[in-house]
Amino acid sequence: MKVLFPFLAVIILAGLAFIGVEGLRLHVLFGVVIPYLAALIFIVGVISRVVRWGRSPVPFRIPTTCGQQKSLPWIKHNRLENPSNTLEVIGRMALEVLLFRSLFRNTQTELRDGPHLAHGSEKWLWLGALAFHWSFLTVLIRHLRLFMEPIPSMLSLISSLDGFLQVGAPVVYLTGVVLPAAATFLLFRRISKPQISYISLPADYFPLFLIIGIAVSGILMRYFTKVDVVSIKALTIGMLHFKPVIPTGAGIIFYIHLLLVSILLAYFPFSKLMHSGGVFFSPARNMANNNRRQRHINPWDYPVKVHTYQEYEDDFREKMIKVGIPVEKD
Ligand code: HEM
């Protein structure tokens, strides 16, 4: 059920776009109103979450470390595993964000015959996640050509590098194929591995189905139904200038693509997809470990009324002596 419901939700969304546009001719609603609303929810939602995270107090210096802290000059300091200043934190963070370094060291545990517990490396998840995120980013960057006129030469360069295999016409973009393939791999991994399926929720499957739906509709548009990109560009650029023009040559697949993208945008700030912003706010990663060099005082400290041992002994000295408990002061 937790797989079926999110899958059905994406199918129903695609069906809604189909009925809305083909049956009820609601081009303005699906082509303009919903995308605007989604963009608004995305922008306001992401900003308010980031501001809320930014405002959360972090009273303790709690970086996660797994290497030698900066210490005496003759002890080798591990700068990446135990960053001692902001520059080293940036280095560690960049490797985490760009190459998913901690995921690279992820291990898996299995119960084998015997029975015995086996621990092993789990590089496929790392590779799949890397392929997924990098191809997603490249597809997004390539899409900027739909929002820009003239198209910057950098974008054309990225597109031609991505299509360097020169297969067919229109040229097949590598990332356009890798994106749905990697998303499908991540989906099947979740479904097929009992330990992972057990801890997965509908909220884990929904974005995967949504992204696969977006990629499949995009591929259908580019290679099969052949959409009129010029009229779509009139819509996107018109929307950017708040003068939207309803495209004439955009088929139903475009509206399905656009509705799924709008849902993804509106869903983003409330979902696990916010990990893309959250990683930068993780105190365990974004802090330098200078705990020994510098004394950090909890800013929330307030004078606490304490009862010292001396006071305790003053209260109970005679009783303690009577039952033979040693005292500090006679
Ligand atoms: C999360 C955002 C999006 C994703 C992941 C995505 C994904 C894709 C993919 C994988 C393709 C197949 C071809 C390729 O690899 O480029 C595609 C094509 C396409 N997408 Fe998107 N898309 C997104 C947003 C949008 C938006 C906002 C629009 C327009 C308003 C759009 C319009 C199109 C069009 C017109 C094509 C066909 C392009 C062509 O024929 O060359 N997409 N999309």
Side-chain angles (χ1 to χ4, degrees), residues 10 13-14 17 21 27-43 46 131-149 151 155-156 158-184 186 206-242 244-269 271 273-274 276:
V10 174
L13 285 170
V21 173
H27 292 80
V28 178
L29 178 68
F30 284 88
V32 179
V33 179
I34 293 179
Y36 265 146
L37 266 179
L40 189 71
I41 297 175
F42 176 78
I43 294 168
V46 168
F132 172 77
H133 286 84
W134 275 104
S135 55
F136 199 112
L137 180 68
T138 315
V139 168
L140 286 189
I141 293 175
R142 272 201 288 99
H143 270 64
L144 290 179
R145 84 184 198 285
L146 297 173
F147 296 83
M148 290 176 153
E149 195 55 56
I151 300 171
L155 275 190
S156 311
I158 292 177
S159 299
S160 49
L161 282 178
D162 198 0
F164 84 106
L165 287 180
Q166 300 273 330
V167 183
V171 168
V172 174
Y173 289 130
L174 210 60
T175 50
V177 178
V178 172
L179 172 63
T184 310
L186 295 174
F206 181 62
L208 282 173
F209 283 125
L210 205 54
I211 290 165
I212 293 173
I214 293 171
V216 169
S217 54
I219 287 173
L220 283 178
M221 244 190 309
R222 180 171 169 84
Y223 306 107
F224 299 98
T225 61
K226 304 274 161 63
V227 75
D228 175 8
V229 175
V230 176
S231 69
I232 285 172
K233 207 159 165 171
L235 168 78
T236 49
I237 294 194
M239 281 184 77
L240 285 183
H241 293 95
F242 296 104
V245 190
I246 292 299
T248 43
I252 180 61
I253 305 287
F254 170 70
Y255 285 95
I256 294 180
H257 191 66
L258 195 56
L259 180 67
L260 296 185
V261 171
S262 303
I263 300 294
L264 186 70
L265 279 183
Y267 175 69
F268 196 96
S271 68
L273 303 175
M274 274 304 291
S276 46

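Whatever order the structure lists them in is the order used to number ligands and atoms, beginning at 1. This chain uses plain numbering: 1 for the first residue, then up along the sequence.
Around atom 21 (Fe) of ligand 1, protein N, O or S atoms at a distance under 2.8 Å total 2; waters are neither shown nor counted.
For L235, no heavy-atom contact with ligand 1 is shorter than 4.0 Å. Heavy atoms of V229 found under 4.0 angstrom from ligand 1 belong exclusively to the side chain. When non-hydrogen atoms are compared, ligand 1 lies under 4.0 Å from the side chain of R142 (C-beta onward) but not from its backbone. Proximity of L265 to ligand 1, defined as any heavy-atom pair under 4.0 Å, is not found for any part of the residue.
Contact analysis leaves K233 out of contact with ligand 1, as no non-hydrogen atom separation drops below 4.0 angstrom.
Of all the atoms in ligand 1, the ones that sit under 4.0 Å from a non-hydrogen atom of G176 are 15 (O). The contact set between ligand 1 and L258, taken as ligand atoms under 4.0 Å from a residue heavy atom, comprises 30 (C).
A heavy-atom distance below 4.5 Å is not found between the side chains of I41 and L265. Looking at heavy atoms from C-beta onward, F164 lies in side-chain contact with L174 at the 4.5 angstrom threshold. Residues V21 and F254 have side chains not in contact (no heavy-atom distance under 4.5 Å, counting atoms from C-beta outward). Between I232 and D228, the closest side-chain pair of non-hydrogen atoms is not below 4.5 Å. Here the side chains of I237 and F147 are not in contact, with every heavy-atom distance at 4.5 Å or above. S276 has its side chain within reach of F268: a pair of non-hydrogen atoms, C-beta onward, lies under 4.5 Å apart.
Given atom 2 (C) of ligand 1, the protein heavy atom at minimum distance is L140 CD2, 3.5 Å. Among protein heavy atoms, the minimum distance from atom 13 (C) of ligand 1 is reached at R222 CD, 3.6 Å. For atom 35 (C) of ligand 1, the closest non-hydrogen atom on the protein side is I232 CD1, 3.7 Å. From the protein, the heavy atom lying nearest to atom 10 (C) of ligand 1 is A215 CA, 3.8 Å.
An N or O contact shorter than 3.5 Å links R145 to ligand 1 by distance.
Here side chain to side chain donor-acceptor pair (under 3.5 Å) pairs that include residues 167-176, with residues two or more places apart or in two chains, are R142-T175, D162-T175.
Residues P180 and I219 approach most closely at CG-CD1, 3.8 Å, considering heavy atoms. Nearest heavy atoms, P35 versus M239: CB-CE, 3.8 Å. Shown here for I212 and A183, the closest heavy-atom pair between the two residues is CG1-CB, 3.6 Å.
Panel note: side chain T236, backbone L146; a donor-acceptor pair is recorded below 3.5 Å.
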Take L258 and F30, measure what side chain to side chain contact (heavy atoms under 4.5 Å, CB included) needs, and give me the verdict at the end. CA-CA 8 Å; L258 195 56; F30 284 88; over 6 Å; no
